[in-house]
There are 2 protein chains.
Amino acid sequence: MPRPTNGVRTPDAIREAAIALFYEHGYEATSLREVAAKVGIRVGSLYNHISGKDELLSSIMIGIMDDLLAALRGVLREHEDDPVAALRACVDTHIRFHAQRAREVFIGNSELRALPAKEHRRVVGKRDQYEKLIRGVIEEISAQGKAEVVDARLQTYAIVAMGTHVASWYKPRGGMSLEAIVQTYTELILRQVGVSSAAVASTGS
Amino acid sequence: MPRPTNGVRTPDAIREAAIALFYEHGYEATSLREVAAKVGIRVGSLYNHISGKDELLSSIMIGIMDDLLAALRGVLREHEDDPVAALRACVDTHIRFHAQRAREVFIGNSELRALPAKEHRRVVGKRDQYEKLIRGVIEEISAQGKAEVVDARLQTYAIVAMGTHVASWYKPRGGMSLEAIVQTYTELILRQVGVSSAAVASTGS
DNA sequence: CCTACCGATCGGTAGG
DNA sequence: CCTACCGATCGGTAGG
């Protein structure tokens, strides 16, 4: 029965503290005592909210993948009829998500090996689903003759890699606005997929 | 005075064992006892060859960056007169290096935060140099009017990100040959930089 | 949510 | 290169 003295629920505070510390020092290098200290409680009290350190990591990693998948699915539903517009929306969502939730995304990519086997498979499975959705859009564009696709799998990887990379350097108060980053990357991706100018213009921003 | 009983120098064996374990479990999750066991000695004996766990990590990370920089500089020297050919060579070297030395590259990207401040700065400095070299090539192509550069920094990032990503999935016995991966990524990068077909053809492989 | 404690393991050292 | 050991810290638990 945690006291919500400051308006923040203890489970949320634990999650936020864990994200900040796992991001900054890594999962293995973070002790539950540090997490507890950041929340303002003692280590024993953590166990009223979590079952263990690995479950804390698993919930963060599965949560971020679920949110990412949900965001992509939502965006695809809005553009079922126009794959070029869908690709633009995918890139937009992908880059924004990776920039805005950079810490969780970074954890998701760097701590996979720290997960128990079962949770490892779940996270990898969700990542595969995500890639398959983007790849499907690229193949649709190709099937409509609106792009010159060389290798849909590698071209999907190129998109994924950009997001991961953005998450590693983007800072909200950095030199470049998120809008500008999204716009530039969208342009690069469209070039890379070989979308013709006509197709771009017909759905242009 | 280590005995070279099996033809492998103990320092090399320690380095190889550390790379394998840091890659598989991470730096913090790897104990020096595991490293020693893999080499076939006891933990105390490690200290005849290393000064500490962090120095072991630092030497791996600085070593990989030095090798990567040297490879890129060598390739640039061969194409000083033709920036489009230089870019092709950069991508070739970048992808091959990241595929062939995937474990070290992965460590280099995931364990930066585990480095002492001084070594952290050194590694980041070398990475900045690397990016600056690639960016310079892109800007040269742009200055010669042979490409449509949108943002040289982000386009450099896109190249770097692909290599990092390749390092995360490439397996020598995987389904796709390294040759095919290099060829596809080169094509994608050239598209992305906006190199005109004529310029590509004039230096085509 | 706290105090007090557990066994296990860590990086590193002494001395040979 | 080995044995034997150090203090520190870890994740987790008992009992309140």
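Throughout, protein chains are lettered first and strands after them, A, B, ... in sequence-line order, and every chain is numbered starting at 1. Please read all numbers here as calculations on a predicted model, not as lab measurements.
Between Y130(A) and H94(A), a ring centre-to-centre spacing shorter than 6.0 Å is recorded.
The nearest whole Å value for the distance from the CZ atom in R33(A) to the P atom in dA8(D) is 15 Å. Nucleotide dG12(C) holds its P atom 7 Å from the CD1 atom of I50(B), rounded to whole Å. Whole-Å rounding puts the H49(B) NE2 to dG11(C) P distance at 17 Å. Atoms CG (D54(A)) and C1' (dG12(D)) sit 12 Å apart, rounded to a whole Å. Between the P atom of dG11(C) and the CG atom of L32(B) lies a distance of 5 Å, rounded to the nearest Å. Rounded to an integer number of Å, the gap from L46(B) CG to dG12(C) P is 10 Å. Taking atom CZ of R9(B) as the reference point, atom C1' of dC1(D) lies 14 Å away to the nearest angstrom. Residue E55(A) contributes atom CD, which lies 10 Å from atom P of dG12(D) at whole-angstrom precision.
When each of dT13(C), dC1(C), dG12(D) is scored by its nearest atom to the side-chain atoms of I41(A), the top-ranked nucleotide is dC1(C). Of all nucleotides listed (dG12(D), dG12(C), dC2(C)), dG12(D) comes nearest to the side chain of V43(A). Considering only the side chain of S45(A), dC1(C) comes nearest among dG11(D), dG11(C), dC1(C). Out of dG12(D), dG12(C), dC1(D), the shortest distance to the side chain of Y47(A) is found at dG12(D).
For dC10(C), one of the phosphate oxygens OP1 or OP2 lies less than 4.0 angstrom from a side-chain nitrogen or oxygen of S31(B). Checking the phosphate oxygens (OP1, OP2) of dT3(D), a side-chain nitrogen or oxygen of R42(B) falls inside 4.0 Å.
Relative orientation of the Y157(A) and H165(B) rings is perpendicular, given thresholds of 30° and 60° on the angle between their planes.
Comparing G44(A) and E34(A) by the nucleotide of DNA chain D that holds the closest heavy atom to each, the one mapping nearer the 5' end is E34(A).
In this structure, S51(A) reaches neither bases nor backbone, as no heavy-atom distance under 4.0 Å exists between it and the strands shown.
Judged by the 6.0 Å and 45° rule, R127(A) forms no cation-pi pair with W169(B).
Summarising the geometry, atom CZ belonging to F22(A) is positioned 4.5 Å from atom CG belonging to L56(A); distances are rounded to the nearest 0.5 Å.
In this structure, dC5(D) and dG12(C) make a Watson-Crick or G-U wobble pair, each of the two defining distances being under 3.5 angstrom.
The local environment of CZ in R101(B) is crowded, with over 12 non-hydrogen atoms from other residues, nucleotides or ligands closer than 6.0 Å.
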